[in-house]
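Here the structure is laid out as structure tokens; the discussion comes afterwards.
On a predicted model such as this, the values are computed, not experimentally measured, just so you know.
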Amino acid sequence: TDLFDQNWQTFADCQPLTPKDREIIAEIRKTYDKAFCRRCDYCQPCSEEIPIQFVLGAQSIIKRSGGQAAKGPLISWAMAKAKECTACGECMTRCPYDLPIPDLIKEKSDWFEQNFAS
């Protein structure tokens, strides 16, 4: 069989979502709806030149790649820039997901400081 057939077979035997599945998905959506950056970059430009989507995604990158990733120059630079957030809210006016971006930047910055401060 070709690759298309193999991929299609993955979905051919799928069952409809159960009410319990839908409940779990709804709970996950509720949990992350206002905390998950979709990395669209519509929030940019930041007046403080903070790479917002990178700051908001750094924790995930570090968790997936290991603590050594926190010492990389890009993450170190981005997290240092995060400390310069003035919470002006400009980014929030552009975010199509209505994320509380300054709060999320502070949360991620604090997490980084607590775990990787030198």
Side-chain angles (χ1 to χ4, degrees):
T1 63
D2 67 7
L3 192 53
F4 175 82
D5 290 333
Q6 290 174 359
N7 287 338
W8 181 253
Q9 192 57 43
T10 301
F11 298 100
D13 298 325
C14 285
Q15 300 297 314
L17 295 174
T18 66
K20 181 66 177 167
D21 293 335
R22 291 180 189 281
E23 185 180 310
I24 291 168
I25 290 168
E27 192 59 36
I28 291 169
R29 280 181 119 169
K30 192 168 97 179
T31 299
Y32 292 104
D33 186 44
K34 298 297 178 201
F36 177 71
C37 174
R38 280 80 168 178
R39 294 172 181 59
C40 67
D41 263 345
Y42 289 140
C43 57
Q44 294 292 346
C46 171
S47 59
E48 299 301 321
E49 300 181 355
I50 297 168
I52 296 169
Q53 64 106 342
F54 196 79
V55 168
L56 299 186
Q59 184 174 2
S60 178
I61 293 168
I62 293 166
K63 284 183 175 182
R64 289 181 182 151
S65 303
Q68 277 301 108
K71 297 176 183 171
L74 188 54
I75 290 180
S76 297
W77 170 78
M79 299 314 284
K81 290 297 289 179
K83 292 181 192 177
E84 297 175 16
C85 179
T86 62
C88 69
E90 276 183 55
C91 50
M92 290 174 52
T93 66
R94 295 187 290 263
C95 179
Y97 303 100
D98 298 318
L99 297 180
I101 296 171
D103 293 342
L104 294 172
I105 288 173
K106 176 151 180 32
E107 176 187 314
K108 301 302 180 179
S109 180
D110 289 350
W111 175 85
F112 187 81
E113 284 295 311
Q114 291 171 2
N115 291 284
F116 302 102
S118 320

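- Taking the side chain as every heavy atom from C-beta outward, Phe54 and Ile61 approach each other to under 4.5 Å.
- Within the 4.5 Å cutoff, the side chain of Ile52 has no heavy atoms near those of the Cys37 side chain.
- Nearest approach of Pro45 to Arg94, heavy atoms of both residues: O-NH2, 2.6 Å.
- Hydrophobic clustering places Ile24 together with Tyr32 (ILVMFWY residues linked when any side-chain heavy atoms are closer than 4.5 Å, directly or through intermediates).
- Among residue pairs with one or both ends in residues 70-115, those qualifying as ring pair (Phe, Tyr, Trp, His ring centres under 6.0 Å) are Trp111-Phe116, Phe112-Phe116; sequence neighbours excluded.
- One finds no salt bridge joining Arg38 and Asp98 here, because no Lys/Arg side-chain nitrogen approaches an Asp/Glu carboxylate oxygen to under 4.0 Å.
- The 12-atom threshold is not exceeded at NZ of Lys71, counting heavy atoms of other residues, nucleotides or ligands nearer than 6.0 Å.
- When all heavy atoms are compared, the tightest approach of Ala82 to Val55 is CB-CG1, 3.8 Å.
- Heavy atoms only, all atoms of each residue included: Ala35 and Leu99 are closest at N-CD2, 3.9 Å.
- Side-chain contact check for Met92 versus Pro102: some heavy-atom pair is nearer than 4.5 Å.
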Run Asn7 and Thr10 through side-chain hydrogen bond (donor to acceptor under 3.5 Å, both in side chains) and show every step you take.
CA-CA 5 Å; Asn7 287 338; Thr10 301; 5.2 Å; no
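- For the pair Phe36/Arg39, a side-chain contact is recorded, criterion being any heavy-atom separation below 4.5 Å from C-beta on.
- Atom CG of Asp41 is separated from atom CD of Gln53 by 4.5 Å, given to the nearest 0.5 angstrom.
- Going from atom CG of Asp103 over to atom NZ of Lys34 covers 13.0 Å, rounded to the nearest 0.5 Å.
- Ile105 is connected to Leu74 through a chain of hydrophobic side-chain contacts under 4.5 Å among Ile, Leu, Val, Met, Phe, Trp and Tyr, so both are in one cluster.
- Side chain of Ser76 to backbone of Gly72: a donor-acceptor contact under 3.5 angstrom is found.
- Residues Met79 and Glu113 fail the side-chain proximity criterion, which asks for heavy atoms closer than 4.5 Å.
- The backbone N or O of Gln59 lies less than 3.5 Å from no partner atom in the side chain of Arg64, so there is not a single donor-acceptor pair.
- When all heavy atoms of Thr86 and Glu48 are compared, the pair lying nearest together is CG2-OE2, 3.8 Å.
- Residues Cys43 and Ile101 come closest through the heavy atom pair CB-CD1, 3.8 Å.
- The two atoms that bring Ile75 and Ala69 nearest to each other are CD1-O, 3.4 Å, heavy atoms only.
- No side-chain heavy atom of Cys46 sits less than 4.5 Å from a side-chain heavy atom of Glu90.
- A distance-only check finds no donor-acceptor pair linking the side chain of Ser60 to the backbone of Gly57 [under 3.5 Å].
- The closest side-chain heavy-atom distance from Thr18 to Asp21 is below 4.5 Å.
- Note that CD1 of Ile25 is 8.5 Å distant from CZ of Arg29, once rounded to the nearest 0.5 Å.
- Side-chain N or O atoms of Gln44 include one that pairs as donor or acceptor with a backbone N or O of Ile50 at under 3.5 Å.
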